[in-house]
> 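Quick one: structure below, then a few questions.
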Amino acid sequence: MEVEKQLQIIKSNVAEIISEEELVKKLKKKRHLRIKLGIDPSGSEIHLGFSVVLRKLRQLQDLGHTAVIIVGDFTGMIGDPTGLSKTRPKLSREQIKKNMAKYKEQILRILNPEHTEFTYNSEWLGSLTMFDFIELASKYTVARILERDDFSQRLKQGIPVYMHEIIYPLCQGYDSVAIKADIELGGTDQKFNLLVGRELMREFNLEPQVVMTLPILEGTDGVRKMSKSFGNYIGITEPPAEMFGKIMSIPDELIIKYFELTTDAFPHRIEEYRTALREGSINPRDVKFELAKTIVRMYHSARAAQKAADDFERTFKKKGVPKHIKEYISKKKEMGIVDLLVESGLMHSRSEAKRKIREGAIDIDGKSVKDIGLKIKLQKPIIIKAGKHRFLKVKSR
RNA sequence: GGGCAGGUACCCAAGUGGUCAACGGGGGCAGACUGUAAAUCUGCUGGCGAAGGCCUUCGGAGGUUCGAAUCCUUCCCUGCCCA
């Protein structure tokens with residue numbers, strides 16, 4: 001494909017490219033570029049926020065380039081301080097190993113396995129000697145590391161910054177040297193780390209990588225970056241109903257951004273939505289509904305998407321009961337409502353169960369439960385609704 | 001190594017002998033409302049108990065006291081200043 005055309009595709013939805021001229025130069029060489037993406041093995045679930053970067057990587061693969069995934073097993077033991085106001089917990093080797101197995105499978109749902117290399121950065125970082133390391137450390141100054149917002153802010157606020165955290169950007173940068181990256185991808189919050197890689201490559205007499213940053217996707221709270229630790233994420237392997245509901249809970253203002261960054265919807269379609277929303281000629285709910293269907297279809301199937309949509313309609317619009325709900329089989333034929341709520345796992349403690357009953361949050365077969373002493377007979381299955389969207393079918397055996 | 005300031009529930013943070021299961025905010029959950037699990041308003045947010053009430057919790061361990069998150073001793077941890 002012509003360089004111009006490639007560039008146009010590459011640039012779509014990208015936040016920043018440093019630098020475009022260098023990128024063009026690399027593209028003109030007509031070889032398979034090595035696109036680096038570092039992943040942090042602290043989690044085992046990939047969410048839509050991370051899919052933004054992965055999808056861009058996939059796009060590059062489709063243009064003939066090679067994805068080099070660097071599993072930060074070594075740096076994972078340090079914990080990336082980016083965006084954190086405190087030190088991140090370090091990971092054990094076993095944990096990392098376990099996480100990675102699941103991770104890889106999920107990544108390959110988005111990436112093309114044939115053009116994906118997986119490497120672990122312990123391969124080179126683990127064998128550096130103290131001597132090598134000091135050599136590496138001598139290539140960057142303390143002041144430059146401390147320029148970073150996270151660090152300077154923490155220092156200002158008197159929050160601890162540990163030695164190993166300062167070293168993190170260097171390690172990540174060295175990864176680029178080790179694999180001779182042509183391009184490195186990351187979220188805009190990774191810009192600093194990515195630039196360190198550029199600089200280190202130059203120090204090691206390599207052609208510096210092009211840095212390409214992608215917008216950060218806000219999570220379901222609509223404010224903070226989508227992240228597992230904030231609990232505002234939508235995982236790509238979540239069950240259809242769960243996924244659908246979570247997408248419906250994002251604030252209206254994010255609908256278009258989600259469409260652009262996380263879906264394969266056609267650009268002209270997204271433009272139509274954007275215009276309609278701005279003019280108020282369409283109910284945002286309906287656009288969000290489409291968004292939810294699109295995403296569920298991408299990660300599950302068209303059928304699953306339709307089913308999730310139907311269930312959502314039934315549950316929330318018509319306040320009914322979804323078709324497919326979890327079942328719990330009780331050993332007893334009769335028991336108090338409080339015990340049942342705890343035993344079935346709907347509530348964490350008896351106190352909580354009682355609270356929720358008093359709040360009117362518990363329905364049985366559509367009738368609100370008001371009495372905490374209520375005895376439940378399980379001759380036939382009953383349906384418990386806890387709050388707005390948790391349903392459980394209970395029967396005894 | 002020395003001096004000073006700190007460590008409170010999921011997070012931030014008030015509380016300096018009893019009225020403290022601990023103000024307030026965030027988050028979470030729930031109710032109302034709605035266009036959706038958006039927005040907004042209201043309530044709840046340690047455990048056990050039907051309830052009176054009881055039990056566990058304020059960095060750890062001891063101690064003083066009728067009684068401690070609050071006082072004392074000691075240990076651990078963090079920040080700042082000095083070396």
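Residue numbers begin at 1 in each chain, while the letters A, B, ... track the order of the sequences.
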> Can you measure A/Lys156 atom NZ to B/rC80 atom P for me and round it to whole angstrom units?
14 Å

> Identify whether any heavy atom of A/Ser349 sits under 4.0 Å from a base atom; if not, whether one sits that close to sugar-phosphate; answer base, sugar-phosphate or nothing.
sugar-phosphate

> Could you check which of B/rA50, B/rU78, B/rA37 has an atom nearest any side-chain atom of A/His389?
B/rA37

> Picking from B/rG49, B/rU36, B/rG43, which would you name as closest to the side chain of A/Lys288?
B/rU36

> Write down the partner of B/rU42 under the Watson-Crick or G-U wobble criteria, each distance required to be under 3.5 Å.
B/rA30

> Does NZ or CZ of A/Lys139 lie under 6.0 Å from the centre of the six-membered ring of A/Phe204, at an angle within 45° of the ring axis?
yes

> In Watson-Crick or G-U wobble terms, both distances under 3.5 Å, what is the partner of B/rC71?
B/rG63

> Please determine, for B/rA22, whether a Watson-Crick or G-U wobble partner exists with both distances under 3.5 Å, and give it or none.
none

> Check the distance between B/rA37's P and A/Glu238's CD and give it to me in whole angstrom.
18 Å

> In whole angstrom, what separates A/Gln157's CD from B/rG6's P?
18 Å

> Starting at CG of A/Leu346 and ending at C1' of B/rC29, how long is that distance when rounded to a whole Å?
14 Å

> Is B/rA14 paired to anything, Watson-Crick or G-U wobble with both distances less than 3.5 Å, and if yes, which nucleotide?
none

> Does a side-chain N-to-carboxylate-O contact under 4.0 Å join A/Glu271 and A/Arg274?
yes

> Atom CG of A/Leu277 to atom P of B/rG35: distance rounded to whole Å?
17 Å

> What nucleotide among B/rC44, B/rC48, B/rG35 has an atom nearest to a side-chain atom of A/Arg350?
B/rC48

> Which nucleotide, B/rC33, B/rU36, B/rC48, lies nearest any side-chain atom of A/Lys388?
B/rC33

> Please determine, for the side chain of A/Ile372, which listed nucleotide (B/rC29, B/rA37, B/rA50) has the closest atom?
B/rA50

> Base, sugar-phosphate alone, or nothing: which one does A/Phe289 contact when heavy atoms must sit under 4.0 Å apart?
nothing

> Would A/Asp310 and A/Lys307 pass as an ion pair if we require N to O under 4.0 Å?
no

> Look at all strands and tell whether A/Gly387 reaches a base, only sugar-phosphate, or nothing, counting heavy atoms closer than 4.0 Å.
sugar-phosphate

> Identify whether the distance between the nearest side-chain nitrogen and carboxylate oxygen of A/Arg350 and A/Asp339 falls below 4.0 Å.
yes

> To the nearest angstrom, how far is A/Asp252 atom CG from B/rA39 atom C1'?
8 Å

> Within this structure, what is the NZ-to-P distance between A/Lys370 and B/rA30, rounded to whole angstrom?
15 Å

> So that I know where these two stand, are A/Phe289 and A/Phe244 an aromatic pair - ring centroids less than 6.0 Å apart?
yes

> Taking A/Glu20 first and then A/Lys11, would you say they form a salt bridge - that is, a charged N and a carboxylate O separated by under 4.0 Å?
yes

> From the set B/rG35, B/rC48, B/rC29, return the single nucleotide nearest to any side-chain atom of A/Lys356.
B/rC29

> When both hydrogen-bonding distances must be under 3.5 Å and the geometry is Watson-Crick or G-U wobble, what is B/rG1 paired with, if anything?
B/rC82

> Report the nucleotide, chosen from B/rG35, B/rA50, B/rG47, that has the shortest atom-to-atom distance to any side-chain atom of A/Pro284.
B/rG35

> Name the closest nucleotide to the A/Lys354 side chain, picking from B/rG49, B/rG35, B/rC29.
B/rG49

> Atom CG of A/Asp221 and atom P of B/rC11: how far apart are they, to the nearest Å?
18 Å

> In plain terms, say whether A/Lys354 and A/Glu359 are close enough for a salt bridge, that is, a side-chain N and a carboxylate O under 4.0 Å apart.
no

> Which nucleotide sits closest to the side chain of A/Ala361: B/rA37, B/rG31, B/rU45?
B/rG31

> Given that both distances must come in under 3.5 Å, which nucleotide forms a Watson-Crick or G-U wobble pair with B/rC58?
none

> Hey, which of these two, A/His348 or A/Glu242, hits RNA chain B nearer its 5' end, going by closest nucleotide?
A/Glu242

> If you take atom types as modelled and just measure distance, does the side chain of A/Asp286 reach the base of B/rG35 with a donor-acceptor pair under 3.5 Å?
no

